[in-house]
Amino acid sequence: MNFWERMYLPAIAKGLGITIRHFFKKIPTVKYPEEQRPYSKNFRGLHSLKRDEEGRERCTACGLCALSCPAEAITMIAAERTKEEMHLYREEKYAAVYEINMLRCIFCGLCEEACPKEAIYLDGPHVTADYLRKDFIYGKDKLVEPVFDITKLNPEKTN
Amino acid sequence: MEGAFILEKLILVVIVFTISLVIAMYSTLAERKIAGFMQDRHGPNRAGFGGILQPLCDGGKFFFKEEIIPAGAHKPLFVLGPTLAIITACISSAVIPWGQTLTIGGREVVLQVADINVGVLYIFGVVALGVYGIMLGGWASNNKFSLMGAVRAASQSISYEIPMGLSIIALLMVTGTLSMGEIVAQQSGFVNWNIWAQPIGFLIFMVCAFAECNRVPFDLPECETELIGGYHTEYSSMKLGLYMFSEYINMFVSSALMAALYFGGYNFPFMYELGLSENWITIIGVLVFFLKIFGFIFFFMWVRWTLPRFRYDQLMGLGWKILIPLAIANIVLTAAVIIVKDTYF
Amino acid sequence: MSLFYLVAFIAIFFALMTIFTKNPVHSVLYLVVTFFTLSVHYILLNAQFLAVVNFIVYMGAIMVLFLFVLMLLNLNEDTEPMKSNLVKIMGVIAGMCLFATLLGAFRVIEPSNELVTGNTEIGLVKHLGNVLFNEFLLPFEISAILLLIAMIGAVLLAKKEVKEIKKA
């Protein structure tokens, strides 16, 4: 190294130049909860149990999803529909308890493919963190999609 | 000594203290923000708008953390360590001239706490005293790693005081006075700034200021990544907070010093040509001074996120084998130039 | 005047503490406080330069080095070497001699009745510099050379001797 290089000052100035350039660069970080990156079309997130056009649950508790699940994350208890429950469940047999253990689930989407009634889709958001293991077992309260009421959605347009 | 004079100084002291504490507080946020921007990140942005409340949260956290004093520690000295560190950091701002005189209701108020005629030496003495806080803290912890850290910090501090003093001597040969007030007053306008007369001296002074503040690339006293933490290994809670805080206050004070000694302090170009009233010139001057200080603080942080850390033998080599001879050469050069100037021009 | 007595009392108190304390680190710290009070004395005498230099050199440099060595040595009360009676007696005699000399010196001094004010700015840097570089130029330069020699000596002592490699 010659004298000029041994002073290191030019090298330091060069380094400072690089860092100050980065100072004014656009920041690629996405502030997650406020902004979200666009998801891919075939992104698989939280499961949702679908309803049909009349708002009845589609699931018939056949157990194919539980069978196809490689992680054995799905458990369900079937029940028979009574007369009064006609408006709630589409099929004669329905799932009284439907639980997915989110710690076991690998979001492979095989349940989605196995379902003959098109009742389960992995179209939700990320599964959030929690404090207790038991809180990761999602029941029907979290999985079944809310009743879709078109009149409430946009009252002016439907009148 | 009249009552009004004491009251005036008291108010000034309180203002200076508050400002330096607030600036030290927000330096921590600025540091993390700047680190973020330089690494293409956002930095802290959760507490308040853009993270503006982050320092308060950190302070609160420091207060509520568990206070641990090791069983084998020397208790009085263990407490005295951080106390000394923060006191010495605070009192060094006493001689810095923040601005010219302000006329309030026919009364001239000098914006400087004390213009003692050995002001530069006073700062130097206080800086020298700062070593005690570190050494006592390290020794009183009764931990060999703390002690080694303290010894490392102290020897670094002592080593870099020497070139710092020598670079100031060259500056004093130019100014001919030790009073901070006069040194700044001499640099009115833009051409009279001492940086033009003492570029090498400024460089040495700045490098030493980095070392005295334990900033990167000279942050060996506490290098977080490869050594345990240096002299404050055993400290927790607000005592650790005080050490950190004193470091940031030191950074503020040395930025103020560099701005005052070499960059004209409150002076700005065309300050008398614009036709402003005295008070306005003073107020703008104070703002300009703070702008310069913030510039230097930014530079401190900029360097931190650019340069890697020195190895310890490199640090000592730089201090003793390069900076000291360079500073002495600078003194000789300055003296020669002054003699030539005085005899021939 | 009362300020003087206060500071003098503190100075003497801490000087005594320096001697009587058993822990060497405490001793050094008390000595630091003593030096600080001495600096205050200099300021009271309007010798600002001397005060600050005392501050920087003694408190900031020399005592730090003392502390440095003591901390590394890890001296405790139990590691203190036992002093023989002979050493103690020698110490007492030496102390008495110093005391006698001081007493003699004080007796010679005639206290002046008038309060000599003279030039109050004699302790400021400008006057000190003028005196040092005019009247006392030779002693000043000689002491500078002395310091330089001491410095070179220290470097020589600290430097390792390069062992000559014998040719095989």
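Below, read A as the first sequence line, B as the second, and so on, with proteins coming before strands; counting in each chain starts at 1. Source: prediction; values computed, not measured.
Counting heavy atoms from C-beta outward, B:Tyr122 and C:Gln48 have side chains that stay 4.5 Å or more apart. Between B:Leu129 and C:Phe55, some side-chain heavy-atom pair lies under the 4.5 Å cut-off.
Among B:Asn117, B:Leu136, B:Val131, B:Ile158, the residue making the largest number of heavy-atom pairs under 4.5 Å with chain C is B:Asn117.
Of the two parts of B:Leu121, the backbone and the side chain both hold a non-hydrogen atom closer than 4.5 Å to a non-hydrogen atom of chain C. If you measure heavy-atom distances from C:Val64 to chain B, the contacts under 4.5 Å come from both the backbone and the side chain. In this structure, chain B has heavy atoms under 4.5 Å from both the backbone and the side chain of C:Phe68. Residue B:Val118 touches chain C through both its backbone and its side chain, counting heavy-atom pairs closer than 4.5 Å. Both the backbone and the side chain of B:Ser155 have a heavy atom closer than 4.5 Å to some heavy atom of chain C.
For B:Met148, the CE atom is loosely surrounded, since the number of other residues' heavy atoms within 6.0 Å does not exceed 12. Within a 6.0 Å radius of CZ in C:Phe9, other residues, nucleotides and ligands contribute 12 heavy atoms or fewer.
When all heavy atoms of C:Gly60 and B:Ala128 are compared, the closest pair comes out as CA-CB, 3.7 Å.
How far NE2 of B:His74 is from CG of C:Asn23: 5.5 Å, rounded to the nearest 0.5 Å. The distance from the CH2 atom of B:Trp139 to the CG atom of C:Leu70 is 9.0 Å, given to the nearest 0.5 Å.
Residues satisfying the ring pair (Phe, Tyr, Trp, His ring centres under 6.0 Å) test with B:Phe205, not counting sequence neighbours, are B:Tyr262.
Contacts from residues 29-42 of chain C to chain B, taken as heavy-atom pairs separated by less than 4.5 Å, involve C:Leu29, C:Val32 in sequence order.
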